[in-house]
Amino acid sequence: MSGDGVEIRLTLNGEQVAARVGEHDRLLDLLRYGLRRTGTKEGCGEGECGACTVLLDGVPVNSCLVPAWQARGRSVETVEAVPEEELAALLESGATQCGACTPGVVMTAWWVRRNRELVDTHSLRELMAGNLCRCTGYDGIIDGLAAWLASTASGEPGGPG
Amino acid sequence: MTVFLPRDLDEALELRDRHPGATAVAGGTDLCVLWPERVAARRDEWLDLSGVAELRGHEWTDGALILGAGTTYWDVIRDRRAGEELPLLVEAARQVGAVQIQTRGTWGGNIVNASPAADGVPVLMAYDAVLELRSRSETVELPLADFYLGYKEMRLAPDQLLTRIHVPRRTYDLQWFEKVGSRSAQAITKVGVAVTRRDGEWRVVANSVAPTVRRCRSLESLLAEGLPVSGPADLMGALESDVTPIDDIRSTAEYRLEVLARLLYWRLRDVCPSIT
Amino acid sequence: MKRVEGLSKLTGRELYVDDLPVDGFLWGATVRSPAARGRIRGIRFDDSVDWSEFTVVDHRDIPGTNAIFLIEEDQPVLAHGRVRHLHEPVLLLAHPRREELRRAVEAVHVDVDAEPPVLDFRLTPDRERIQYGDDNVLKRLRIEKGEVERALAQAPHVIEGVYETGAQEHVYLETQGMLAWEEDGVITIAGSMQCPYYIVEAFEHALGRTPDRIRIIQAATGGGFGGKEEFPSGIALHAALLALKAGRPVKLIYDRSEDLAVTTKRHPSRVRHRTGVDGDGKLLGQDIEVVLDGGAYVTLSPVVLSRSIIHAAGPYACDHVRIDGRAMFTNSPPFGAFRGFGAPQSLFACERHMDRIAAELGIDPVEIRKINLIRDGDSTATGQVIADGADRVQVLDRALDLADYYERRTAHAGFNAAEPTRRRGIGLATFFHGAGFTGSGELFLDSEVHVAGLPDGRIEVRTANVEMGQGTLTVFTSLVCDRLGVPAEAVTIAPADTSLVPNSGPTVASRTVMVVGGLLEKASDDLRTRTGLPADADGRAIREAIREWHRSHPGEPLIGKAKYEQPEHIHWDDETYRGDAYGAYAWGAYVADVEVDLRTFAVSVRDFVAVQEVGRVLHETLARGQIQGGVVQALGWALLEECKWRDGAMENAQLTNYVIPTAGDVPPIRVEFLESPYPHGARGAKGIGELPFDGVAPAVANAVAGATGTDPASVPLTPETVMDLILRQRPPAGSLT
């Protein structure tokens, strides 16, 4: 493609979506401005802060570092897909203050929550190190994630045991 | 700006051949930093390798771990066998950025991006990794240790793509990697070092202390010969002929050299009778 | 009570300025000075761009005074004739496409005849570098108590020290941004801000408009920390000028690099102490000089300097004190408000100096503090008699106890003797922070709040104080619920929109809960009175009375009001700088346990204990979050965050190169509160937001001093700095090879 962009298809939060993306568009721009899913935030544009974290084919990535055309044919999950009832532990623990890092934090935490075996090899602080937060000092986030991992998910019978 | 979106390796190699000026991009963890500014400033050609399935994944053969150039750090981190057999790969991978970078950054991208601070390269070099470089006409192999010529200069022809990385499966009696960054996670390396020893043969590879990731051959011979060392200062002579650190926005030449000597001294003291 | 807007943030539904749906808008951008100082010779526009597609604004488009109204009016909205710092705004552009705009900014060339700049605030400027008054001093202040020279002359020991702190960037996770549009003749702003009414005043002056033609709305704000106190006035003006000229909405959002390079930072400081003590460590005289780098315009530096000197002598009783303060002009982007507002700088010096005194006299750093900590009845440097019932020694003891201070000190000595490459140390700091505006500041603010009873029986809280993460909405809701006995569902907080809310003052200075919260209690009482009910009426009765009132007064508003009245005990003299500088102080004692790696010279914080007395804690989770967040932000200042300067501006303007702590860089922060209610604060609360910043850097530096046997005199203690300390301060024959 050259100049006029390209039509791509992707799965966004479980739905098939078609969009025309420009050469210069990042996945972050496609989500925020193209598809008006503004839950995903831009914090730095350089892959440092993690505010724009989304799940790409099931793993967390900085959507500011993904050219939109690389999302063709792939599956993207954003904060809009996380069920509200899943967020109780983070709400309770003080994981959000100003909220600008929060959607990214939620996405990384949601990924950990769905892949609990990660804690066998990684500490929660290592897993969350790609999400900068300037408000909480991280305790609210780490404690909230620990509580979330320990909780039984709605719709997930048995829980972690 | 033009972007090429090949669907397989043949198409990628053909595009590589026809557009030698195009920048190949895979995980984008370096090239896509400040992407809007980057593309506003230039109207280049880009060759997207993210859709080329042949570059993805890794496999274990009898003699080697073969990494597709597009294998991510995360792919290796999650391979338990890698942690057991070639632990430095996993240690280094876990210290690249944070998970959001590890899931995107590729081993091949780290090599051809040719940053002196590349975190994946020192351990690969310490393991004697060999690169597989392909063009439409041929496939050649080249030891990683011979790949770099100077700052961002390497033995990669305009029509070639790095396709695979062979990491020999060997046993080592010492393997060690240490990264010193600006903070404990999500950091760019200020000085780093990977060391292996096998049958008395040493590999010492340092990053962020020269225009390229650098094998420290003087130091390797000093260790192989068992010359007496009784403090970090005794390593300085060899190091100064091996590396040329600079002052930059992230640290100072003095710090880099001092720390490199101290890391090496204190770690090797435990394993080398000649170091006291 | 759960955080009121918490779920909205966790689900990504909260709308920040760049999330607001708006059609047909233009993106705005700023063309900036390429030089630190000089005369603008001309502005050239490259032919490569079709400029007819762009809205272009310069100083000639400013309808009112070309100045950002604050303490003085020296800072232009857009430079005209001369520039005083790198990146100073000169010209504005707007265009529908952001990528076109990026290219266009590069295609405008501001030609400047450079003049010699002032780049180091510590040096006395030569004549050709004088740009403010006749000595480049933006503000000079002095506090004097007793006779310090005589006290020092008679003191058995006089100990000196010079301490420096670096600039710090706020790194609120949401960058600065404003959306402007004109609607029915009203210029309207929605954006990221702490002080909507600051912007109203700035617009009145620069746009030459009356307040009824100005409407400022705070959008959800992704962190402020002071960085969105005064700075947003300029960017709001820029967006407004573009929108007025274009006749369309304009969105001006800084990307991170621009935000880092051009916005305000914490004032760099240099503080000199000359202290007379007796053999037990009792303070006999404190002679202190505080110098701050103010940058290229006055902005808020005079008041930052004020708070800095008032805190400079520390939470100690001393009869003879002199504190001289100067804020210096330099050709740097102006330094500005940042959590702590000058106090962290002077308290770093004070608390590092206390350890130096202890070391020189061979006394315990705990004991020297216990001897000198203010007891009820003692007075501060400004002569303010403290009698708040708080026990500052108990705060310290609790911190020592929680940190196992003495046990660890002993353990560390053993560890350090046995370990070849690691050194551990434990350090402490005792400190205080005055809450609210200084002196008569609150009186000048003349804050007003409204609590309205709505026809359906709901209650709406109307203030200009904003939520930026610290929990304003939640605490305000809970205060009004408690006061009126109504459930949380019955209370809403009106948006901070100047067309809807009165001016309750800025959201700064740890004043929101203590001062504004107190006003809300009074306004709630007033609402109850207006419905005709007595003070003991319950919530159900009040809500019914509100509905009943509206039935009998159709169409009329029912509003409980309160205005600030200075508590009778506060007496302050701005001329002599004597008296009650603050209505209340919060007190803290922090303990840091660190390990220094002698191979890499990196300092890691193993444990951190934060004990404070903050009056009544209104919401445990929010209060703890304020302390933990403040401590970690200050750990960044103490250990990691360093602005590298080029021509007076930040060179490392990327988050890759200006690094703040990640979750992996800090330990859990252990927090404990002691409570001694303040009768004039909301439900007994004192200010809390800034306090945690003050005690961290000195506790860490004192711990590093203990671990390494060095005497650090500056922050940040980056590994490179620690290497210098270890290699240069210790004898080369030491055991640290």
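So you know, we letter chains A, B, ... as the sequences are listed, proteins then strands, and number each from 1.
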What part of C/E5 gets closer than 4.5 Å to chain A, counting heavy atoms only: side chain, backbone, both or neither?
-> side chain
Counting only heavy atoms closer than 4.5 Å, note whether C/R3 contacts chain A via side chain, backbone, both or neither.
-> both
Main-chain N/O of C/L10 paired to A/T96 side chain as donor or acceptor, under 3.5 Å | no
Side chain, backbone, both or neither: which part of C/P661 has a non-hydrogen atom closer than 4.5 Å to chain A?
-> both
Would C/R256 and A/E48 pass as an ion pair if we require N to O under 4.0 Å?
-> no
Could C/R339 and C/D694 be called an ion pair, given the rule that one side-chain N must be under 4.0 Å from one carboxylate O?
-> no
Side chain, backbone, both or neither: which part of C/R98 has a non-hydrogen atom closer than 4.5 Å to chain A?
-> side chain
Is C/K228 positioned over the aromatic face of C/Y172, cation under 6.0 angstrom from the ring centre and no more than 45 degrees off axis?
-> yes
Between C/R103 and C/E100, is there a salt bridge with N-O shorter than 4.0 Å?
-> yes
Whatever's closer than 4.5 Å to a heavy atom in chain A on C/D259 counts as neither
For chain A, the option from C/G664, C/G625, C/P668 that forms the most heavy-atom pairs under 4.5 Å = C/P668
Engaged part of C/D19 at the chain A interface, taking heavy atoms whose separation is under 4.5 Å | both
Sort C/T621 into side chain, backbone, both or neither according to what part of it lies under 4.5 angstrom from a heavy atom of chain A.
-> side chain
A/T78 and A/N13: side chain donor to acceptor below 3.5 Å = yes
Which portion of C/I627 sits near chain A, non-hydrogen atoms under 4.5 angstrom = neither
Would you call C/R13-A/E84 a salt bridge at under 4.0 Å N-O?
-> yes
Relative to chain A, which segment of C/T656 carries a heavy atom at a distance below 4.5 Å: side chain, backbone, both, or neither?
-> both
Part of C/L20 lying under 4.5 Å from any heavy atom of chain A = backbone
Check whether C/E14 gets within reach of chain A through its side chain, its backbone, both or neither, counting any heavy atom under 4.5 Å.
-> backbone
What residues of residues 4-12 of chain A sit under 4.5 Å from chain C when you count only heavy atoms?
-> none
Could you tell me whether A/R134 and C/E641 have a side-chain N and a carboxylate O separated by less than 4.0 Å?
-> yes
Under a 4.5 Å heavy-atom cut-off, does chain A meet the side chain of C/V171, its backbone, both or neither?
-> both
With no hydrogens and no angle check, is any side-chain donor or acceptor of A/S63 less than 3.5 Å from a backbone partner on A/V61?
-> no
C/E106 side, atom CD; C/L101 side, atom CG - distance, nearest 0.5 Å | 10.5 Å
